[in-house]
Amino acid sequence: MLTQRPKGTQDILPGESWRWQRIERNMREICALGGYREIRTPVFEHTELFQRGVGDTTDVVQKEMYTFEDKGGRSITLKPKGTAGVARAFLEAHLEAEPLPCKMYYVFSPHMRYEKPQSGRLREHHQLGIEVFGAKDASCDAEGIKLAMDQLRACGLSQLRLEINSIGCPACRAAYSERLKAFLMPKLEKLCKTCNERFERNPMRILDCKDPGDQELVKDAPSPIDCLCEDCRAHFDSLQRYLNALSIPFTVNPRTVRGLDYYTRTVFEVFLDIKEDFPALAGGGRYDGLLASLDGPDVPGFGFGMGEERLLLALDKMGVTEPESPVYDAFIVTLGEDARVHGLALADELRQNGIRCDIDHAARSMKAQMKYASKTGAPKVIIIADDELSKGVVKLRDMNTKEELELTREQLIEQLL
RNA sequence: GUGGGUGUAGUUCAGCGGUUAGAGCGCCAGGUUGUGGCCCUGGAAAUCGUGGGUUCAAAUCCCAUCACUCACCCCA
């Protein structure tokens, strides 16, 4: 259908864009306080960037990318993940030569994945988040997590649950993977079908399988934390120290495993702390090997992404509602074309003075204009008709008290300011 | 990709074989030739998702298809 949006997309209509602006404003303010500056990267990149930067074996790359060949024969992919593009921009501009860390944030970044849509999951969604390059200490991780929590709280969410974990460095992961496989091998027959598929591809994913039978079977599985090397262990310990210093409650969940290849050490997810299932609001972690894997310098990284649609969904879910502020400070009701001529000039003058106002452009009846003013929530109405024109005044009506004053232009502006 | 649910005015829904498919809300107009919210009256607005089949007769039953939606996989 011509007038139907593509599957898995959403329009942000005039009546709701203010909600987006509000959460994005919160993010900008919070980030500015911590010295993060905005970065904007393209909505499409060379396909190879995502294959290398996200991971060839991940579901995102294997079956969810919007990939096409452009007219120049290049393979192009619509951004399915944010970090790879930011990493590419960082490397291309050689920001590693500038003072580090490089602290960046982004808002309203569109992400496209070919998935089957459902609640909180779209084919195009928008993320806000941060990326930091060149800070290896866990204080960076803690600060970033605090920022995510602050952002959610600033938007009006208080019931939050932070889950952290450490999946270690590649060496720890290899060791853990072996240990986990050894543990799972004898139970393989009893595990569900998808877990059997996961066994070779990504055994860690079996740990957060939703199947109750499987959960029971893997209850005593070894924890990745037990396989951490000395450095990774120390990093995870200091992360917890920092989080405590920031008074951020958290739970260590060894089952939290980000399904992307580039993560190292810290991974975390933030959930709504409620009984019902609700998808993660934010997720992220450390990716110390990412830049090097893109042939860049050995510079560590940390970041998180937060789904704006999911955040808004969570606000609805938790009943955090705030009415839209009225579109107008005043609405100008005019009767007849002479009045409209004056009304339009007056509207312009008021706008020059920073007063948000509008005038009827449809030559409707006074009743209809009053009704419109009322519907839009305008607190004041300015009435201009023959009577006012001949007297050289306008009438200012207070829509709540119904009080009406006859005023000159100067008096009117004074009143409205 | 797998599985469930739902498609009827702008919107939320009723109708579930039998005249011309209804209602609430919204929209427009009038009651009130210069005054909104409440009330009253009227009006516009629907190829009943689409295609095929069964039937004397289909919005209603059957099949297919598309869309929306929810869950799984995965992820924000």
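So that the names make sense, note that chain A is the first sequence line, chain B the second, and so on, each numbered from 1.
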- Query: With a 4.0 Å cut-off on heavy atoms, is A:Arg364 in touch with a base, just the backbone sugar-phosphate, or nothing at all?
  - Reply: sugar-phosphate
- Please measure how far the C1' atom in B:G15 lies from the corresponding atom in B:U60, and state the result in whole Å. 9 Å
- Query: Do any side-chain nitrogens or oxygens of A:Gln118 fall under 4.0 Å of OP1 or OP2 in B:C72?
  - Reply: yes
- Going by heavy atoms in the side chains, are A:Arg19 and A:Leu315 under 4.5 Å from each other? yes
- Message: Here's a test of your reading of the structure: between A:Gln127 and A:Ile384, which maps to the more 5' nucleotide of RNA chain B?
- Response: A:Ile384
- Task: For B:A9, give its Watson-Crick or G-U wobble partner with both distances under 3.5 Å, or none.
- Result: none
- Task: Would you indicate what A:Ala280 reaches in the nucleic acid, counting non-hydrogen atoms under 4.0 angstrom: base, sugar-phosphate, or nothing?
- Result: sugar-phosphate
- Query: Atom CD in A:Glu64, atom NZ in A:Lys116: separation rounded to 0.5 Å?
  - Reply: 13.5 Å
- Side-chain donor or acceptor of A:Lys116 under 3.5 Å from a matching atom on the base of B:U2? yes
- Item | B:A71 - base-pair partner by Watson-Crick or wobble geometry, distances under 3.5 Å | B:U2
- Query: Are A:Gln4 and B:A67 close enough that a side-chain N or O sits under 4.0 Å from OP1 or OP2?
  - Reply: no
- Select base, sugar-phosphate, or nothing to describe what A:Glu404 touches, counting heavy atoms under 4.0 Å on all strands. base
- Item | Rounded distance in Å between the C1' positions of B:U20 and B:C62 | 28 Å
- Query: Can you check whether A:Thr83 reaches A:Glu131 side chain to side chain, under 4.5 Å on heavy atoms?
  - Reply: yes
- Rounded to the Å, how far apart are A:Phe108 CZ and B:A76 P? 18 Å
- Item | Side chain proximity check, A:His126 to A:Trp20, heavy atoms < 4.5 angstrom | yes
- Query: If you look at every strand shown and take non-hydrogen atoms under 4.0 Å, does A:Lys402 touch a base, only sugar-phosphate, or nothing?
  - Reply: base
- Mind checking A:Leu281 for me? I need base, sugar-phosphate or nothing, with any heavy atom below 4.0 Å counting as a touch. sugar-phosphate
- Task: Using Watson-Crick or G-U wobble geometry with both distances below 3.5 Å, tell me the partner of B:G36, or none.
- Result: none
- Message: Counting the atoms with a prime plus P, OP1 and OP2 as sugar-phosphate, which does A:Gly120 contact under 4.0 Å by heavy atoms, base, sugar-phosphate, or nothing?
- Response: base
- Task: Please determine if a side-chain N or O atom of A:Ser119 lies less than 4.0 Å away from the OP1 or OP2 oxygen of B:C70.
- Result: yes
- Query: For B:C61, which nucleotide is its Watson-Crick or G-U wobble mate, given both distances must be under 3.5 Å?
  - Reply: B:G53
- Query: Ignoring hydrogens and angles, are the base of B:A76 and the side chain of A:Glu269 linked by a donor-acceptor pair under 3.5 Å?
  - Reply: no
- Could you state the CE-C1' distance from A:Met366 to B:U33, rounded to the nearest angstrom? 12 Å
- note: A:Asp398, atom CG; B:G37, atom P; distance rounded to Å ~ 17 Å
- Message: Rounding to an integer number of angstrom, what distance separates B:A44 and B:G3 when you compare their C1' atoms?
- Response: 43 Å
- Query: Does the side-chain ring of A:His111 sit on the six-membered ring of the B:A76 base, less than 5.5 Å centre to centre and under 30° in tilt?
  - Reply: no
- Message: Applying the Watson-Crick and G-U wobble criteria at under 3.5 Å, what pairs with B:A76? Answer none if nothing qualifies.
- Response: none
- Message: Classify A:Glu309 by what it touches in the nucleic acid, base, sugar-phosphate, or nothing, heavy-atom distance under 4.0 Å.
- Response: nothing
- Are the charged groups of A:Arg5 and A:Glu124 less than 4.0 angstrom apart, N to O? no
- Sub-4.5 Å side-chain heavy-atom contact between A:Cys155 and A:Leu157: no
- Task: Write down the distance between NZ (A:Lys380) and P (B:U35), rounded to a whole number of angstrom.
- Result: 21 Å
- Task: Determine whether any donor atom in the side chain of A:Glu388 lies under 3.5 Å from an acceptor atom in the base of B:G34, or the reverse, and answer yes or no.
- Result: yes
- Message: Does A:Lys367 reach a base, just sugar-phosphate, or nothing at all? Heavy atoms under 4.0 Å.
- Response: base
- Can you tell me how far C1' of B:C68 sits from CZ of A:Arg123, to the nearest Å? 12 Å
- Query: B:U35 C1' sits how many Å from A:Ile332 CD1, rounded?
  - Reply: 16 Å
- Message: For A:Met370, is there any backbone N or O sitting under 3.5 Å from a side-chain donor or acceptor partner on A:Ser374?
- Response: no
- When A:Ile384 is tested against each of A:Leu346, A:Val393, A:Val333, A:Asp338 for side-chain contact (heavy atoms from CB on, under 4.5 Å), which residue passes? A:Leu346
- Would you mind pulling out the nucleotide paired to B:A21, Watson-Crick or G-U wobble, both distances under 3.5 Å? none
- Task: Using the P atom on both, measure B:C39 against B:A58 and round to a whole Å.
- Result: 42 Å
- With sugar-phosphate meaning primed atoms plus P, OP1 and OP2, does A:Lys395 contact a base, only sugar-phosphate, or nothing at under 4.0 Å between heavy atoms? base
- Separation of the P atoms in B:A46 and B:G10, to the nearest angstrom: 6 Å
- Distance test, side-chain N/O of A:Lys375 to OP1/OP2 of B:C27, below 4.0 Å: yes
- Note on the structure: If pairing means Watson-Crick or G-U wobble with both distances under 3.5 Å, then the partner of B:G43 is B:C27
- Euclidean distance for C1', B:G42 against B:A57 (whole angstrom): 35 Å
- Item | Of A:Pro6 and A:Arg310, the one whose closest RNA chain B nucleotide lies more 5' | A:Pro6
- Whole angstrom is fine here: how far is it from CD in A:Glu124 over to C1' in B:A76? 13 Å
- Message: Nearest to the side chain of A:Ser374, heavy atoms from C-beta on, is which of B:A76, B:U35, B:G37?
- Response: B:G37
- Message: Is any side-chain heavy atom of A:Val270 closer than 4.5 Å to one of A:Phe304?
- Response: no
- Distance between the C1' atoms of B:A45 and B:C56, in whole angstroms? 33 Å
- Using Watson-Crick geometry (N1-N3 plus N6-O4 or O6-N4) or G-U wobble (N1-O2, O6-N3), each under 3.5 Å, B:C48 is paired with none
- Message: What's the gap between B:G49 and B:G43 when it is taken at their C1' atoms, as a whole Å value?
- Response: 28 Å
- Tell me: CD1 of A:Ile382 to P of B:G36, nearest whole Å? 18 Å
